[in-house]
Amino acid sequence: MMRFSHVALNCADIQAAIQFYTRHFGFEVARRLPIGDGLEIVFLRQGDMRLELFPVGGTAAVTLADGPATAGTLRHLAFQVDDVDALLAAMGEAAVVTLGPMDFDSFISGWRTAWLRDPNGHIVEISQGYVDA
């Protein structure tokens, strides 16, 4: 079974994004993940929808294995699946993996993720086991 998971946004000012989406669109903070140097990734949730906010600086074009890292850009689309490895195996050569699979057990037990490039160059994350705080 596959379910839509989240849209990841690159933010020069995460606090402003949190305020904007919570005040005007009814989102609430679902989880904060510290990533070092006082920075964090923040998941917002509104019903079944989630936004994943990534801290980025400046407007210089930087592309990472999990998507572009430029303020104001879409980083990646994400889907929850029951088994990351089974989906990758079923996809065969169509699974152009850019990063992973990776386990994030230090954050959430059982969280496993991989990032793929679609035929048009968009990054798509497939993930199993993520839960809100």
Side-chain angles (χ1 to χ4, degrees):
M1 182 176 158
M2 186 176 306
R3 299 162 309 283
F4 183 76
S5 178
H6 63 266
V7 173
L9 302 175
N10 293 312
C11 304
D13 185 339
I14 286 200
Q15 293 309 312
I18 291 170
Q19 183 178 17
F20 179 80
Y21 288 105
T22 58
R23 181 176 181 193
H24 300 292
F25 294 94
F27 282 85
E28 57 187 36
V29 174
R31 182 173 285 280
R32 293 175 181 266
L33 299 173
I35 57 173
D37 295 328
L39 300 174
E40 62 184 0
I41 297 169
V42 177
F43 280 90
L44 301 180
R45 180 179 185 168
Q46 199 274 356
D48 290 336
M49 294 183 293
R50 285 187 187 82
L51 297 177
E52 183 180 18
L53 308 179
F54 281 86
V56 297
T59 58
V62 177
T63 300
L64 304 174
D66 68 335
T70 308
T73 61
L74 175 73
R75 193 172 186 116
H76 59 254
L77 297 175
F79 297 93
Q80 283 287 318
V81 298
D82 293 328
D83 186 326
V84 167
D85 298 306
L87 180 59
L88 291 174
M91 290 178 71
E93 290 182 17
V96 180
V97 176
T98 61
L99 183 62
M102 298 172 67
D103 294 313
F104 293 108
D105 287 319
S106 61
F107 296 112
I108 300 170
S109 179
W111 186 10
R112 183 165 176 76
T113 300
W115 291 265
L116 317 169
R117 186 177 319 282
D118 81 3
N120 290 291
H122 301 105
I123 300 298
V124 177
E125 176 184 343
I126 56 171
S127 185
Q128 69 187 49
Y130 170 85
V131 292
D132 292 337

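The model shown is predicted, which means the values in this text are computed figures rather than measured ones. Numbers here simply count residues along the sequence, with the first being 1.
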Under 3.5 Å, side chain of [X] to main-chain N/O of [Y], donor-acceptor pair present?
X	Y	value
Arg112	Gly129	no
Arg3	Ser5	no
Asp66	Trp115	no
Asp105	Gly110	yes

Can you check whether [X] reaches [Y] side chain to side chain, under 4.5 Å on heavy atoms?
X	Y	value
Leu116	Val96	no
Thr113	Met102	no
Leu39	Ile14	no
Arg32	Ile18	yes
Glu52	Glu125	yes
Ile35	Pro55	yes

In one Ile/Leu/Val/Met/Phe/Trp/Tyr side-chain cluster, 4.5 Å: [X], [Y]:
X	Y	value
Met91	Val81	yes
Leu53	Phe27	yes
Leu77	Leu9	yes
Val124	Phe54	no
Ile123	Phe4	no

Residue pair [X] / [Y]: nearest heavy atoms and the distance that separates them:
X	Y	value
Trp111	Ser127	NE1-OG, 2.9 Å
Val56	Thr70	CG2-C, 4.0 Å
Arg31	Leu33	CD-CD2, 3.7 Å
Pro68	Leu74	CG-O, 3.5 Å
Gln80	Tyr130	NE2-CB, 3.5 Å
Asp83	Asp85	OD1-N, 3.0 Å

- Query: In Å, rounded to the nearest 0.5 Å, how long is the span from OH of Tyr21 to SG of Cys11?
  - Reply: 7.0 Å
- Task: May I ask you to check whether over 12 heavy atoms, not counting those of Gln46, lie within 6.0 Å of atom CD?
- Result: yes
- Query: Parallel under 30°, tilted from 30 to 60°, perpendicular over 60°: which one fits the rings of Phe43 and His6?
  - Reply: perpendicular
